[in-house]
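Within every chain, numbering begins at 1; the chains are lettered A, B, ... in the order of the sequence lines, protein sequences first and strands thereafter. Since this is a predicted model, take the numbers as computed values, not measurements.
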Number of protein chains: 2
Amino acid sequence: MAARRDGTQDKRPQRQAAPIPSAQEPPLSLERIIATAVELLDAEGIDGLKMRRLADRLGSGAMSLYWHVSNKDEVFDLALDSVLEYRGSPQLSESPDWRQAVVHMLEDWRASMLRHPWSASLLPRRALGPNILARLELLGGILSRAGVDEADLNGAIWSLWNYVMGATITRANFDLSDEDMLAGQQRLAHLSQEYPTIERARLLLDNDWDGVFRKGVDFLLDGLVPRQ
Amino acid sequence: MAARRDGTQDKRPQRQAAPIPSAQEPPLSLERIIATAVELLDAEGIDGLKMRRLADRLGSGAMSLYWHVSNKDEVFDLALDSVLEYRGSPQLSESPDWRQAVVHMLEDWRASMLRHPWSASLLPRRALGPNILARLELLGGILSRAGVDEADLNGAIWSLWNYVMGATITRANFDLSDEDMLAGQQRLAHLSQEYPTIERARLLLDNDWDGVFRKGVDFLLDGLVPRQ
DNA sequence: CCGTTGACTCGTACAGCGTACGATGCGATG
DNA sequence: CATCGCATCGTACGCTGTACGAGTCAACGG
């Protein structure tokens, strides 16, 4: 009577949910659980996700979730991966302008994570879900077609991935609280003799995150695939 | 009777600990708590740090910790920052070979975090402690002296920081379990028609993490401060 | 010499968490 | 009608972070 741990599709059978769904609640399903978990995470942050609260939102008992999911960590895994799905037009990915294709995918990646800031705190602990793998695969394909040597491919993929990860996590971290950032910069001002350079540069404030991100990607691409 | 929240030094007074420290346990102190927390984190990972267990290791009652620390999160903050201290020779940081100075600091940063893999999972959630700020300051100073324009300084600092963060977090993530990585690659093999490129490249296995890291830093530096 | 104070320690208690377990309901199948 | 498997959920348990208040003991002022 253990919960399903196999990788099968969630093939809820053709049995009717109920003759009339009496209450307005549709029946529990993995998709509904994940979607609601994402909602809850967006609304309450990473510490706001509790099994009981998730069940409340779903109109079910807490323990019912454990039929569809083996533990809370799996909810995190699934919520994370679900948020990272890439819906990019295949023709863009295969267009001759490979550089644009790469940049588009990476910027979308970053944007997806910033839309759900909790995802940044989750990433370090989680494994590679199918949507993440799909993005890596796409990246590898584009770079390979762009002429990156087989031997350098892994390095190229990881370099770009690393950069996106770091940029996104950093940004999401600050995004959580603009006022914290302001407070940080003010704390810096107090210590301006200890940190003169970054205080003067207003490192924590005057910063064009999007531009920095884009530039960094360009620099990496220039190095990985020199423009001729 | 609230716990100390001020930023004062932990000035334990000159009062004797005990006429003779009877038991071999030295008295509680913030430094001892942090050092022991790091030990515990190293040994048991991020979920292994419990206030009771930490107190056990310190030979004290659990609630005694709360005199020195206001809550568990603060233990995390302090443990993280303590692990990120940079002991680099100032003459290296001011040597004319600024590139080497930057690379040295960044590689040390990464190495410090990989020595304590839990730090990677902590970073996304934590603020900028003094040791992190000191590294950013150092980086800013070197780049500034290397001729980076004032207007580009923040971007340069963040680009490098982002890259180091991402590379380290990714690496630490895989480091936690080589067998997970192997299992991942084997799962990939099953799905080789879905992820042909990264499967063929053995993305999860044959990878020179150190080399990739170094190359990425070089590419970024080339972009940020073109070699003449 | 004694009473007070303030720094520090800790036992107890509590609310809230993830989840093990077993009872239950209910369509489908024989 | 009996049986079975999927799915739901109430109860309970062990463990967590920590609020609270009582306790200890050195230092100090009278």
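- The nearest whole Å value for the distance from the CG atom in B:L30 to the P atom in C:dT9 is 12 Å.
- For the pair A:R171 and A:F213, the NZ or CZ position fails the cation-pi test of under 6.0 Å to the six-membered ring centre and within 45 degrees of the ring normal.
- Dashed line: the shortest gap from a side-chain N or O of A:H68 to OP1 or OP2 of D:dC6 is not under 4.0 Å.
- A salt bridge links B:D210 with B:R110: the closest approach of a Lys/Arg side-chain nitrogen to an acidic carboxylate oxygen falls below 4.0 angstrom.
- When each of A:N71 and B:S60 is assigned the nucleotide of DNA chain C bearing its nearest heavy atom, the one mapping closer to the 5' terminus is B:S60.
- Side chains of A:N173 and B:R125 form no contact here, defined as non-hydrogen atoms less than 4.5 Å apart.
- Between its two ends, the helix from C:dC1-D:dG30 to C:dG30-D:dC1 turns its axis by 20°, counting five pairs per end and rounding to 10 degrees.
- Residue contacts for B:L49: at a heavy-atom cut-off of 4.0 Å it reaches the sugar-phosphate backbone alone, with no base atom in range.
- At least one side-chain heavy atom of B:R53 sits under 4.5 Å from a side-chain heavy atom of B:E44.
- No donor-acceptor contact under 3.5 Å links the side chain of A:R52 to the base of C:dG16.
- Between B:M51 and A:G61, the residue anchored closer to the 5' end of DNA chain D is A:G61, taking for each the nucleotide with the nearest heavy atom.
- In terms of modelled atom types and a separation under 3.5 Å, the side chain of A:N162 and the main chain of B:Y163 share no donor-acceptor contact.
- Protein atom CG of B:L28 is 10 Å distant from nucleotide atom P of C:dC8, rounded to whole Å.
- For the pair A:K50 (side chain) and A:A55 (backbone), a donor-acceptor distance under 3.5 Å is absent.
- Regarding A:Y66, its OH atom lies at a distance of 15 Å from the C1' atom of D:dG10, rounded to whole Å.
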